[in-house]
Every structure is written in structure tokens, then in C-alpha cells.
Student: 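Quick one: the structure is below, questions incoming.
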Amino acid sequence: MNQFTVQSTRGITYYWVNENAGKDDPCIVFTHGMTADHTLFDKQIDFFKDNYKVITWDVPMHGKSRPYKKFTYHNASQELKSILDAEDVKRAVLVGQSMGGYISQDFAVQFPEIVTALVAVDSTPFGHFYYSKWERFILSKAAKMASWCPYKLLIKSMAKNATRTKYAYENLYQSVSNLSKKEIIQIMSLVFNEFLKQKDTVKFEFPVLLIIGDSDKTGYVKKYNKSWEQHTGYPLLVISNAAHNSNVDNYQEFNRVVNTFLKGL
């Protein structure tokens, strides 16, 4: 993968593109979850790089894309738009894991003409309709509660709770441990506060695929995805032997499922 950057007044955003990508190849953009980085999709790059232009990036405040000022979903989407402009990408499939699904939804709202399809991986829908007041209240306090946890215990528990396999655990632990406790709490606070601002439900006109791990115990992600499927008609697929980072836990099954979806577009 070749490394590049785009820059705005808010900071520098790093991204990667496969070396053999052709100008006319269909494009997939992989957007990682909170406190992870672009390596979350290493197994997807290996699988898709021969037939697609694959773009991964470190979302602002994550990985190499820090420091960064004024993080919002809107601003992150603007950085992604700059990446696609730099790569002369007119249309793309968005694959977003957890927080990456939020940024992908925001991008799709801002630039629907660019989005061919959306794959939401262990993510949840925009709109207060799906969440009780109590659930939104707990989410608003999540960063504060995390701040009470000792740093070493915090990063280990974050990696353990989101994964099932050793490979997935080590992948997430590595990215989280590159962040200080102050950075982790700041990221959590900003990401959750941004999510709570998304009051309106969204229905997309392009194809959408929902994916969750069968062992995803992060919050009520499984419940929210079932409700998302019920109220939109988007298909929901469950990855076996996988937790919240299902694309890493069982990347073989995940890659097959996404490949079948892409071939059907």
C-alpha cells in the first residue's frame, strides 16, 4: 500500500492506496472504528486489492492522523472527500466498522452521488428513534466512566471486549496502545457526543448491507441492527465466531460475504 496525505486547517489526514490500483477499478473505502486505525482492514486489503482500488485511512484523531482540531463527523467526511478528490474517485463503496459506520453514514448524507453502496459493520443507525432516553444517557456518560479506569486495564479491556480471536485482540490492542489515556477519553467523548447529535433517521437510496458478529456484546449493537433491518429493509448478515470487530475475528467469512454483496451490485 502506498501512503499519502491530505491537509486541511484542522490537521493532516493519512491514507493508503493499493499499489496496483487502476484508474478505472471500482473503489472500496474502508473506515475503521473508534481507537482503531487503518490496520483494522489488513485482511480485507489482502483479499480485495487485486480487483478493486482499495483505500484505507486513519480517521482524524487516530493513528497517524493526529493531532487534529475540531473533530466532527462532518469534518471527518470532508477529509474523506478530499482523499477521494485527490485519487480522482467519482464513485465508491463505503465499508465502515463501528464509528466508521457513523462517518460513512454522514459522508453518504453529504455526498450521496458518490456512494455506490454502504456496508455497516458492527455499527448502528443514525436517529434517536432507535434509542431510548436511558440508552442515550448512558452513552453520554461513557467517556466519563472510562476515565475512572486505570490506563493499562482500560486498553486491555477495550481490546478484549471488542474481539474474540487472538489475532483480532492483538490488532486492536496495538492501535489502542498507541494512544494516551487522555487521547482515548477525548476520542470517546467527541465520537459519542457527535453520535448523540444525530437525531434524525436516515434512509439511503443505494444498496446497504448490515453486518454484525454473532458474539458482538458491545452495548446493544445486535438489538439496534435488528431494528435497523426491520425499519429499513436493509439485509442483515451475521458473521459466525466473531465479536464487535467481526471483519478481523472471522475475516474469511466476512470477506466472502462482502464479496458476494459487491458482485451483486
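Start at 1 with the first residue, then count along the sequence.
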Student: With the side chain counted from C-beta on, respond yes when H62 and R66 share a heavy-atom pair under 4.5 Å apart, and no when they do not.
Tutor: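 No. Closest side-chain heavy atoms not under 4.5 Å.
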Student: Can you tell me how far apart CG (N250) and CG (N245) are? Round to the nearest 0.5 Å.
Tutor: 12.5 Å
Student: If I compare all heavy atoms of W57 with all of A76, which pair ends up nearest, and what's the gap?
Tutor: CH2-O, 3.5 Å
Student: Between D216 and T218 (side chain of the first, backbone of the second, donor and acceptor by atom type, cut-off under 3.5 Å), is there such a pair?
Tutor: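 The answer is yes, because a donor-acceptor pair under 3.5 Å joins these two groups.
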Student: Would you check if L154 and I184 make a side-chain contact, meaning some heavy-atom pair closer than 4.5 Å?
Tutor: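 A side-chain contact exists here, since the closest heavy-atom pair is under 4.5 Å.
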Student: Are I103 and I187 grouped together when hydrophobic residues (ILVMFWY) are joined by side-chain heavy atoms under 4.5 angstrom apart?
Tutor: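 In one cluster with I103: I187, yes.
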Student: Which heavy-atom pair separates Q174 from S177 by the least distance, and what is that distance?
Tutor: O-OG, 3.0 Å
Student: Does S104 reach the main-chain N or O of G101 with its side chain, forming a donor-acceptor pair under 3.5 Å?
Tutor: no
Student: Measuring from S175:OG to H32:NE2, what's the distance to the nearest 0.5 Å?
Tutor: 8.0 Å
Student: Contact between K81 and I114 at the side-chain level, heavy atoms closer than 4.5 Å - yes or no?
Tutor: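 Yes, close enough: below the 4.5 Å cut-off.
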Student: Would you say V257 and L209 make side-chain contact, with heavy atoms under 4.5 Å?
Tutor: yes
Student: Can you pull out every ring-ring contact (aromatic ring centres under 6.0 Å, His included) where at least one residue sits in residues 181-220? Sequence neighbours excluded, please.
Tutor: Y102-F195, Y131-F195, F204-F206
Student: List the steps, then state whether side-chain contact (heavy atoms from CB on, under 4.5 Å) holds for I55 with L84.
Tutor: CA-CA 9 Å; I55 296 177; L84 298 186; 3.9 Å; yes
Student: Taking all non-hydrogen atoms of both residues, which atom of E79 and which atom of P60 are closest, and how far apart?
Tutor: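 Closest heavy-atom pair between E79 and P60: CG-CG, 4.1 Å.
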Student: Dump the intermediate steps for salt bridge (charged side-chain N to carboxylate O under 4.0 Å, His left out) on K197 and E194, then the final yes or no.
Tutor: CA-CA 5 Å; K197 292 178 183 177; E194 278 294 300; 3.0 Å; yes
Student: Show, in sequence, the C-alpha distance, side-chain angles and deciding distance for V93 and L265, and conclude whether the side-chain contact (heavy atoms from CB on, under 4.5 Å) test is met.
Tutor: CA-CA 10 Å; V93 173; L265 295 177; 4.1 Å; yes
Student: Is Q97 reaching over with its side chain to a backbone N or O of S246, donor-acceptor style, under 3.5 angstrom?
Tutor: no
Student: Measuring from atom OG1 of T35 to atom CG of L172, what distance do you get when rounded to the nearest 0.5 angstrom?
Tutor: 5.0 Å
Student: Could you tell me the separation between the NE2 atom of H244 and the CE atom of M34, rounded to the nearest 0.5 Å?
Tutor: 7.5 Å
Student: Would you please say whether a donor-acceptor pair under 3.5 Å links the side chains of Q3 and K64?
Tutor: yes
Student: Can you say whether the rings of Y173 and Y169 are parallel (under 30°), tilted (30 to 60°) or perpendicular (over 60°)?
Tutor: parallel
Student: Kindly give the heavy-atom pair with the smallest separation between P207 and F261, and that separation in Å.
Tutor: CB-CZ, 4.0 Å
Student: Hydrogens and angles aside, do Y73 and Q198 bring a side-chain donor and acceptor to less than 3.5 Å of each other?
Tutor: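 Per modelled atom types, Y73 and Q198 side chains form no pair under 3.5 Å.
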Student: Kindly state each residue pair satisfying side-chain hydrogen bond (donor to acceptor under 3.5 Å, both in side chains) with at least one member in residues 148-164, sequence neighbours excluded.
Tutor: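 Non-adjacent pairs meeting side-chain hydrogen bond (donor to acceptor under 3.5 Å, both in side chains): R164-S215.
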Student: Distance-only criterion, 3.5 Å: show the donor-acceptor pairs between side-chain atoms of residues 40-48 and protein atoms not counting sequence neighbours.
Tutor:
residue: Q44; atom: OE1; partner: N247; partner atom: ND2; Å: 3.0
residue: Q44; atom: NE2; partner: N247; partner atom: O; Å: 3.1
residue: Q44; atom: NE2; partner: N255; partner atom: OD1; Å: 2.8

Student: Quick one: side-chain hydrogen bond (donor to acceptor under 3.5 Å, both in side chains) partners of K222, sequence neighbours excluded?
Tutor: none
Student: Quick one: NZ on K223 to OH on Y130, what's the gap to the nearest 0.5 Å?
Tutor: 13.0 Å
Student: Strictly distance-based, threshold 3.5 Å: is any side-chain N or O of S140 a donor or acceptor partner for the main-chain N or O of F137?
Tutor: yes
Student: Test side-chain contact (heavy atoms from CB on, under 4.5 Å) on L80 and F111 and set out the steps.
Tutor: CA-CA 11 Å; L80 179 54; F111 310 105; over 6 Å; no
Student: Test your reading of the model: is there a side-chain donor-acceptor pair from D214 to the backbone of A242, 3.5 Å cut-off?
Tutor: yes
Student: Quick one: does I28's side chain get under 4.5 Å of V258's, heavy atoms only?
Tutor: no
Student: Do S240 and E253 get their side chains close enough for a donor-acceptor pair, meaning under 3.5 Å?
Tutor: yes
Student: Are V191 and F126 connected, step by step, through hydrophobic side chains (Ile, Leu, Val, Met, Phe, Trp, Tyr) whose heavy atoms are closer than 4.5 Å?
Tutor: yes
Student: For N2, which residues count as a side chain to side chain contact (heavy atoms under 4.5 Å, CB included) partner, sequence neighbours excluded?
Tutor: F4, E19
Student: So, the side chain of S65 versus the backbone of D58: is there a donor-acceptor pair under 3.5 Å, distance only?
Tutor: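 Pair found, side chain donor or acceptor close to backbone of D58.
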Student: Can you name the closest pair of heavy atoms from A146 and K181 and give their distance?
Tutor: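 Closest heavy-atom pair between A146 and K181: O-CE, 4.3 Å.
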Student: Does a donor on one side chain and an acceptor on the other come within less than 3.5 Å for T165 and D249?
Tutor: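 On atom types as modelled, these side chains qualify, holding a pair under 3.5 Å.
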Student: Output yes when a side-chain donor or acceptor of D122 lies under 3.5 Å from a complementary backbone atom of S98, and no otherwise.
Tutor: no
Student: Just jot down the side-chain hydrogen bond (donor to acceptor under 3.5 Å, both in side chains) partners of Q186, sequence neighbours excluded, or say none.
Tutor: none
Student: With hydrophobic residues grouped by side-chain heavy-atom distances under 4.5 Å, do Y234 and I211 end up in a single group?
Tutor: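 They do not share one cluster, since no chain of ILVMFWY contacts under 4.5 Å joins Y234 to I211.
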Student: Report yes or no: do M158 and V121 belong to one cluster of Ile/Leu/Val/Met/Phe/Trp/Tyr joined by side chain heavy-atom distances under 4.5 Å?
Tutor: no
Student: Spell out, yes or no, whether Y14 and M99 are grouped together once hydrophobic residues are joined by side-chain heavy atoms under 4.5 Å, including indirect joins.
Tutor: no
Student: Could you walk me through whether F254 and V248 pass side-chain contact (heavy atoms from CB on, under 4.5 Å), step by step?
Tutor: CA-CA 8 Å; F254 178 87; V248 192; over 6 Å; no
Student: Could you tell me whether the side chain of N171 and the main chain of Y167 form a donor-acceptor pair under 3.5 Å?
Tutor: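 Not at all, since once roles are kept as given, no pair shorter than 3.5 Å links the two residues.
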Student: Identify the heavy atoms of G96 and S123 that sit nearest to each other, and give their distance.
Tutor: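 Heavy atoms only, the tightest pair is O-CB, 4.5 Å.
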Student: Looking only at atom types and distance, does a side-chain atom of S77 sit under 3.5 Å from a main-chain N or O of F107, one as donor and one as acceptor?
Tutor: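 Side chain of S77 to backbone of F107, a donor-acceptor pair under 3.5 Å: yes, one is there.
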Student: Taking atom CG of N193 and atom CZ of F71, what is their separation to the nearest 0.5 Å?
Tutor: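 Interatomic distance, N193 CG to F71 CZ, rounded to 0.5 Å: 11.0 Å.
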